[in-house]
Enquirer: 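For reference, the structure I am asking about is given below.
Atoms within a ligand are numbered from 1 in the order they appear, just like the ligands themselves. Sequence positions, counted from 1, serve as the residue numbers for this chain.
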Amino acid sequence: MSKSEKGSVNRRRFLKGAAASAAALAAETRMAIAQQPANRPGAVVPTAAQLAAEAGPPAALVSPRIIEHPASDFMVDVIKSLGLEYVTTNPGSSFEGLHESIINYGSNKTPELLTCLHEESAVAIAHGYAKIEGKPIAALLHANVGLQHASMAIYNAYVDRVPVYIIVGNHIDAASRGSVVNWVHSAQDMALMVRDYIKWDDEPATLDHFAESAIRACRIGMTPPMGPVVLVVDKYMQEMPLPSNRPRIPRLTVPSPPAGSPDAVREAARLLVAAERPMIVAQRSARTPAGIGLLVELAEALQAPVSGIQGVTLSERMNFPSLHPLAGTGLPGYNPDVILFLEVHDMSAIARSAAERAAKTISISAEDLFIKSNNQDFQRMAEVDMAIAADAEATLPSLIEEVRRLITGDRKRVFQQRGTRLAEAHQRAREQARDEAAYGWDSSPITTARLCAELWPLIKNEDWSLVSWQWFISNWPSKLWRFEKHYHYIGGHGAGGMGYGAPAAVGAALANRKHGRISINIQGDGDLNYAPGVLWTAAHHRIPLLTIMHNNRAYHAEVMFVQTMANLHNRGADRAHIGTTITDPNIDYAKMAQAYGMYAEGPISNPADLAPALRRGIDQVKRGEPALIDVIMQPR
Ligand SMILES: Cc1ncc(C[n+]2csc(CCOP(=O)(O)OP(=O)(O)O)c2C)c(N)n1
């Protein structure tokens, strides 16, 4: 008997078994239906006959027909051609054909399928992954219901300009929707519900069309400004036999991002070189690891300070080394006369105050190349003097060249003097931060500064990566640690949608895993509770990640807002905890993580116990496993 014949016999045996269990399941379900209470008036409840039909053995399981070469195998070939290494998914019947092909078809098992317990986690994992690796992975979502669960995470990725490759199953042909559930899980225009916050979508009608749209989606998603894309794939197209004239898979060529025009770049360089107090503000400037080096070159050529938004060294990407003498906002009262914004989302406030003192502002941003109107993520109108609609990283080489060309010996001497003063200011700011970190050192709840100060010596000689947002821990990492590599920081949510932190950290740690890096997630308790099942995904897939709970037992941002309002209404702030804190009962995060199969310790409230617990957590991560340390911490 040939190998393929053996395969067919095995499959037939399986189908016989499957048909038997399906029949048993159908009988059980029919009994359950019979025991159901009568329909309430007005409730949209399927009839018993409909449910009985639904519960019958699925046609595919009892069909004697075997499809040796399903179209879904071809779809996997297309996905492979895009270099997508992983597919995150919470399973669903709208894509079971594709699911089966992903796990069984092809000799090497890529893309690897990651099991997620919530669609929001599936997309946020892909979001975090892309921020480390610079390329997307796929999130496979079940129909309109999965897409609705995922929509918050899609919006975060959209506002963060991060590519996520989303595939959604659908039952397009109404005549073939075998069950009640298939109807309620189908949509005429599936991507409509998220179209306001994706870059592109399509619902291919044929396999040829699928191949083209799959490549096009990747190309669009990867072209700055990057963003999520959605491909809706019909269930029956996945399951049909692959035609003998296999469709061609087009080649993926990602367009090189546009650089600023030579005239505009020349004028920007002229303003910067002539400035007495230039300043660079970078938010999503470094698109690739090379972006950091380019920004260092520009800053050093100009001897200009480099800051993130709102005066914080690190913004949404790792743009500039935190210990570089030019990192910071300059000397006290520096008042820049020329400001260069690099991929800054909200420059309006700085641009307005610059205009008031007749300072010049220049923006280089791909944001000007793409905008949508419904969600107001474009912020207030920024009145900049020059707007260069181009990718900042792609424009930096010509800007550096032009700046260097314009610098005379005299300007160089001025720049050097400025650089010396800026370096002193940088040093003073570092020392001040170290002093401030010591305030309340022995207090309990433990200070966020102490956590960061205790953690740094444990990781500084390792290859580490901070895969969480530092805003809610008062930006202590960027004040105390040495950030220099592109993977040292990934920024935050994008759209500020809570529920992003834990899964994005898992995705970033997944990307860091093959490089042997230690991923650190300082995790908000409110954020984790959106979809804590991602802890299981990390444990199940052995994703090394140290999660340290910033357990302030509250949605503390909201505590502060309600306190402010109560004070404004002159009613005192003593009831501001109502509806904003997460106490009574306190959540035991160590037990929660252990329940999901993860090594965990805590709650730790004595600061003396902190460092040893962190060390044990890091040891666990070095062994290739995730760990969680629950620390009772100050709110900020
Ligand atoms: C989806 C969503 N719902 C609600 C909010 C409002 N919100 C902003 S911050 C925050 C608190 C988050 O709690 P946690 O992660 O524990 O951070 P903390 O402020 O306590 O440090 C909430 C609920 C939001 N940003 N996103």
Enquirer: Closer than 4.0 Å to some heavy atom of G497 - which atoms of ligand 1 meet that?
Expert: 26 (N)
Enquirer: Could you list the atoms of ligand 1 found under 4.0 angstrom from a heavy atom of G524?
Expert: 15 (O), 16 (O)
Enquirer: Tell me: protein heavy atom nearest atom 21 (O) of ligand 1, and distance?
Expert: R636 NH1, 2.7 Å
Enquirer: Among protein heavy atoms, which lies nearest atom 19 (O) of ligand 1, and at what distance?
Expert: A557 N, 2.9 Å
Enquirer: Would you say H493 touches ligand 1, if touching means a heavy atom closer than 4.0 Å?
Expert: no
Enquirer: Where is the nearest protein heavy atom to atom 4 (C) of ligand 1: which residue, which atom, and how far?
Expert: Y530 OH, 3.5 Å
Enquirer: Cation-pi check, R195 to Y197: give yes when NZ or CZ is under 6.0 Å from the six-membered ring centre and within 45° of the ring axis, no otherwise.
Expert: no
Enquirer: Taking distance alone, with N or O pairs closer than 3.5 Å, would you say G526 contacts ligand 1?
Expert: yes
Enquirer: First locate atom CD1 of I518, then atom CD1 of I459, and finally report the distance between them rounded to the nearest 0.5 Å.
Expert: 8.0 Å
Enquirer: Could you check atom 25 (N) of ligand 1 against the protein and tell me its nearest heavy-atom contact, residue, atom and distance included?
Expert: G496 O, 2.8 Å
Enquirer: Decide whether a cation-pi geometry holds between K199 and F370; the criteria are a distance under 6.0 Å from NZ or CZ to the six-membered ring centre and an angle within 45° of the ring axis.
Expert: yes
Enquirer: Counting each atom of ligand 1 from 1 as listed, which ones have a heavy atom of D527 under 4.0 Å away?
Expert: 14 (P), 15 (O)
Enquirer: Backbone, side chain, both or neither: what part of F472 comes under 4.0 angstrom of ligand 1, heavy atoms only?
Expert: side chain
Enquirer: Which ligand 1 atoms are under 4.0 Å away from a heavy-atom of H556?
Expert: 18 (P), 19 (O), 20 (O)
Enquirer: Which of the listed options, M633, Q634, M498, holds the heavy atom that is closest to atom 5 (C) of ligand 1?
Expert: M498
Enquirer: Pick, from Q523, E558, H550, the option with the minimum heavy-atom distance to atom 6 (C) of ligand 1.
Expert: E558
Enquirer: Can you tell me if CD on E383 sees more than 12 non-hydrogen neighbours from other groups inside 6.0 Å?
Expert: no
Enquirer: Using a strict threshold of under 4.0 Å (side-chain N to carboxylate O), is an ion pair present between E343 and R287?
Expert: no
Enquirer: Ring of F472, cation from R636 - is the NZ or CZ under 6.0 Å from the centre and inside 45° of the axis?
Expert: yes
Enquirer: Determine, for D377 against R161, whether the closest basic-nitrogen to carboxylate-oxygen distance falls under 4.0 angstrom.
Expert: yes
Enquirer: Distance under 4.0 Å to a non-hydrogen atom of N552: what atoms of ligand 1 satisfy this?
Expert: 18 (P), 20 (O), 21 (O)
Enquirer: Using heavy atoms and a 4.0 Å limit, tell me yes or no: is G499 in contact with ligand 1?
Expert: no
Enquirer: Side-chain donor-acceptor pair under 3.5 Å between S468 and Q523, yes or no?
Expert: no
Enquirer: Kindly assign one of parallel, tilted or perpendicular to the pair W481 and W456, based on the angle between their ring planes and the thresholds 30° and 60°.
Expert: parallel
Enquirer: Side-chain contact, heavy-atom cut-off 4.5 Å: W476 with E436?
Expert: yes
